[in-house]
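In listed order, ligands and their atoms are each counted from 1. Throughout, numbering of the chain's residues begins at 1 and tracks the sequence.
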Amino acid sequence: MEATGWMEQAENHILHTYNRYPIVLDYGDGVYLYDTNGKKYLDFAAGIAVQALGYGNQAYNQALKSQIDKLMHTSNLYYNQPIIEAAEKLCTVSGMDIVFFTNSGTEAIEGAIKAAKKYAYSKDGKTDHEIIAMNHSFHGRSLGALSVTGNTHYREPFEPLPGIVKFAEYNDLESVKALVNKKTCAIIMETVQGEGGIYPATEEFLSGVKQICEDNDILLILDEIQCGMGRTGYMFAWQKYHIKPDIMTCAKALGGGVPVGAFVMTKKVADTSLKPGDHGTTYGGNPFVGAAVSKVLDIFTEQEIIQHVQEISVYLEEQLENLKEEYKFVIDRRGIGLIQGLELNIPVGEVSHKALEEGLIVITAGSNVLRFVPPLIIEKEHVDEMIKKLKKVFDNKVGKSVSNL
Ligand SMILES: *Cc1c(COP(=O)(O)O)cnc(C)c1O
C-alpha cells in the first residue's frame, strides 16, 4: 500500500490525538530511519529521546531475542532474574537504593507521587499534603501526572485534578520558598525541562531547592525521564549538580525502545512509604523488559556511552552556537550534552516539516524551540550532516522570507 493509504487508514482507525508528520517509518539502521518509500532520514529525535543506542544494536537485539524465547512475562507474584539484575544495575549507576519498575514514564510519576504522599502520611496520619511543581513542566498525561504538569492547555479540560498542587517558577528559588508550608510533602521537577523548551536547572536553583527539602523533611522528586540515561553526559542529570533526589523517575531511554519506566528511591523513602498492597502493576518489571534494561545498562558501560556524549556534545554545542551567530532568527541555544534546544523567532513547526523534506528528523519543544535529542551514538559526521541539512532549510525554505526579521 502507498504511504498515503496507510495515513488515511490511520486517521480512520486511530484516535486523532497527534497531528503526525506525513511519513510512514519502516525501519532503522544506526542513526538513520527509512520510510516506506525508502527515503532516508538522519534521526535527531530518537523517538523522543528513547533510542539512545540508535537502531539495530546487535548485542541489544540478541539479548531481547533470547529472552523472548525463554520467558516474556510472569507477573509480580514471583521473582524473575532479569529484572533483579536490572534493578541492581540501575541502583549502581544512580547511587539510589530501591526501584519500582513501571510500563511508562507517566506511571513512574504516578508511583513517585504516591510514594511521597505515603511518606508524609506515615509521619503524621494526615491526608491534606501539598506538592510543589513547576510552571512549564511536563510529567505525563494521566490524571496524577497532569496534576503536576504546569501547562494550562493540557490540564484545563480535565480539572479538577487530584491532590493539592501549587506551581512555582522554574529557576526562581524565591517562588518556591513562597509556597512551602507545613503541609508540603514533595517538590517535583525535571532536572532539565524538556517539553517546556529545554531549560536546564541552574546550579543555584537545584541546590537551593535541595536545601529547602532537607530543612523541612520534604521529598525532592527529580524527573529524569527525558534528560536521564546519559543524555546530559552524566548517567542522570542531577549527578552534575552534586545533589541527590529522594525519588527519581526514569523511562524513555531506559529500555532502549521497550516500554519501561521506573521510580527509584532512597532506602529512607522506601522504608517509610509504599508497603505490600499499596501499589502494583501486572506487566511492570517483567523478564522481557528486565533483559532490555539490563542489556542497555551493560552497553552503556561497555561502549563508554557517557564519555562519548561528553565528547560529541561539545562539538554539537559549538555547531549550534555557530548557527546562532549566523542566523538572526536563532535567538538562543540552551541545553546540556545531547539535549539541546534552539529558540527560533520563526515558526518551528514549519522548520521541522521542511527538515523532513531534506531528510532530517528534528522535533519541537514548547512553542518556539527546535529540540535536538539524537541517539547518543552520533558522531561528528552526523552533526555535520544535520547542520548542513538544517542550514539548507534555514537558507532556502524559511530563511529567505524571514531573514530580515
Ligand atoms: C515523556 C516524559 C514523561 C512521560 O513519559 P511517558 O513514557 O510518555 O508516559 C514524563 N516526564 C518527562 C520529563 C518526559 O519527557
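- Aromatic ring centres of Tyr21 and His353: separated by under 6.0 Å.
- Ranking protein heavy atoms by distance to atom 11 (N) of ligand 1, first place goes to Asp223 OD2, 2.7 Å.
- Among Ile188, Thr102, Ile225, the residue whose heavy atom sits closest to atom 3 (C) of ligand 1 is Ile225.
- Looking at Thr106 against ligand 1, both its backbone and its side chain come within 4.0 Å, counting heavy atoms.
- The aromatic ring centres of Tyr27 and Tyr55 sit 6.0 Å or more apart.
- A donor-acceptor pair shorter than 3.5 Å can be found between the side chains of Ser142 and Glu110.
- Atoms NE2 and CG, on His139 and Asn151 in that order, are 11.5 Å from each other to the nearest 0.5 Å.
- Using bins of under 30°, 30° to 60° and over 60° for the plane-to-plane angle, the ring pair Phe263/Phe100 lands in the parallel bin.
- No part of Glu107 comes within 4.0 Å of ligand 1, judged by heavy-atom distances.
- Atom 1 (C) of ligand 1 has its closest protein heavy atom at Lys252 NZ, 1.5 Å.
- Distances below 4.0 Å separate heavy atoms of Gln226 from the following atoms of ligand 1: 15 (O).
- Of the N and O atoms on the side chains of Ser294 and Lys89, at least one donor lies less than 3.5 Å from an acceptor on the other residue.
- Closest of all the heavy-atom pairs between Ala46 and Arg231 is CB-NH2, 4.4 Å.
- At a 3.5 angstrom cut-off on N or O pairs, Phe138 counts as close to ligand 1.
- Among the atoms of Glu190, none of the N or O lies under 3.5 angstrom from an N or O of ligand 1.
- Closest protein heavy atom to atom 7 (O) of ligand 1: Gly105 N, 2.8 Å.
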